[in-house]
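Have a look at the structure below, then the notes.
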There are 2 protein chains.
Amino acid sequence: MKQLKYSRQRESIKSCLMSRKDHPTADAIYASIREEYPNISLGTVYRNLNLLVELGEIQKLRCGDGADHFDGDTSPHHHFICRECGCIKDLPLSDSEKINQMAQQYVDGTIDSHITYFYGVCGDCLRKTS
Amino acid sequence: MKQLKYSRQRESIKSCLMSRKDHPTADAIYASIREEYPNISLGTVYRNLNLLVELGEIQKLRCGDGADHFDGDTSPHHHFICRECGCIKDLPLSDSEKINQMAQQYVDGTIDSHITYFYGVCGDCLRKTS
DNA sequence: TTAATAATAATAATAATTATCGTTAATATA
DNA sequence: TATATTAACGATAATTATTATTATTATTAA
């Protein structure tokens with residue numbers, strides 16, 4: 001059991017993620033942090049993001065565009081992904097537990113959580129395209 | 001518009017996918033097809049899988065383990081992923097349209113589909129671990 | 001039967017992520 | 001406070017999954 005040591009880089013990554021509502025990739029976070037810490041390494045960003053996920057302080061999303069996205073909001077909610085621009089928006093979620101229980105009856109095993117990705121076209125892209 | 005030409009490799013990939021209930025990765029399919037066509041290339045497997053997805057004949061899944069998985073069943077259903085062994089099991093799905101509509105009210109844009117991944121531990125792993 | 005071209009195998013290239021490793025910095029303890 | 005321990009760092013190499021390139025082969029239309 002290695003004990004955690006404070007690092008200003010990790011703190012910066014976490015507060016960056018908390019302050020924004022988009023769901024940035026590791027690379028986008030890297031670009032953002034570099035404004036304050038120009039020497040930070042991309043590896044450091046990845047390592048800390050994964051660490052924060054393990055600690056349950058942030059959430060990792062795989063919406064299907066190849067890159068992992070990160071979400072500072074760990075409360076249960078859903079995501080909407082625009083097929084056009086790839087933006088990710090939060091959706092409120094009701095009855096998370098109930099949905100797990102409904103699915104549970106079909107499974108030999110235990111369900112503890114679920115992630116739902118909704119796909120479509122966001123309002124901005126709809127207005128652009130037309 | 002390029003017209004499609006028959007290929008025995010594509011046919012083999014498709015029937016392989018139809019015949020199995022696990023949700024193999026491109027690499028797993030590659031290994032399987034190689035028994036019949038030892039010279040097939042991994043690139044061919046990827047190209048045909050993506051083509052079949054475009055044609056709507058198969059489905060691509062990103063359950064979160066890094067690799068894409070493929071599913072020969074395109075009817076609407078959900079998936080359960082075991083955190084231990086990574087196996088993917090099908091779940092029946094009711095009210096797919098209703099769920100989209102429920103989410104729709106929170107979105108500026110249009111929702112046309114959704115994918116839900118349930119996470120937990122499968123029965124086999126539960127019995128092994130204990 | 002031949003011409004046109006889609007699909008192939010082999011391989012190179014790319015993108016995202018993880019691992020390695022010598023150095024730096026945070027923290028525990030003497 | 002000084003020192004020892006070791007987590008975390010930056011730089012970079014390696015890995016993994018996937019896509020692109022290209023010369024050749026196979027399918028299909030004329």
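Note that the structure is a prediction, hence the values are computed from the model and not measured. Lettering of chains follows the sequences in order, A, B, ..., and the numbering in each one begins at 1.
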Do the side-chain N and O atoms of A:Lys60 and A:Asn50 include a donor-acceptor pair separated by under 3.5 angstrom? yes
How many Å lie between NZ on B:Lys14 and P on C:dA7, as a whole number? 14 Å
Output the rounded distance in Å from OH (A:Tyr30) to C1' (D:dT12). 12 Å
A:Ile40 CD1 to D:dA11 P, straight-line distance once rounded to whole Å: 10 Å
Show the numbers, then the answer: is there a side-chain contact (heavy atoms from CB on, under 4.5 Å) between B:His23 and B:His79? CA-CA 10 Å; B:His23 300 68; B:His79 295 98; 3.6 Å; yes
Which residues pass the side chain to side chain contact (heavy atoms under 4.5 Å, CB included) test with A:Pro76, sequence neighbours left out? A:Leu93, A:Ser96
Give the rounded distance in Å between these two atoms: CD of A:Glu54 and C1' of C:dT18. 13 Å
In whole angstrom, what separates A:Leu49's CG from C:dA19's P? 15 Å
Does either side chain, that of A:Thr110 or that of B:Arg83, offer a donor lying less than 3.5 Å from an acceptor on the other one? no
B:Thr44 vs C:dA9: side-chain N/O to OP1/OP2 distance below 4.0 Å: yes
Partner of C:dC21 under the Watson-Crick or G-U wobble criteria, both distances under 3.5 Å, comes out as D:dG10
So A:Ile33 and A:Ile13, side-chain contact (heavy atoms from CB on, under 4.5 Å) or not? Walk me through it. CA-CA 7 Å; A:Ile33 304 289; A:Ile13 288 166; 4.1 Å; yes
Tell me whether the OP1 or OP2 atom of C:dT8 has a side-chain N or O from B:Asn48 closer than 4.0 Å. yes
Check whether the side chains of B:His77 and B:Asp71 place a donor and an acceptor atom closer than 3.5 Å, and report yes or no. yes
With both distances under 3.5 Å as the test, what is the Watson-Crick or G-U wobble partner of D:dA23? C:dT8
For B:Tyr37 and C:dT8, what is the distance between atoms OH and P respectively, to the nearest whole Å? 11 Å
Can you give one letter per nucleotide of nucleotides 16-30 of chain D, 5' to 3': B if a protein heavy atom sits under 4.0 Å from the base, S if only from the sugar-phosphate, - if neither? -SBB-------BSS-
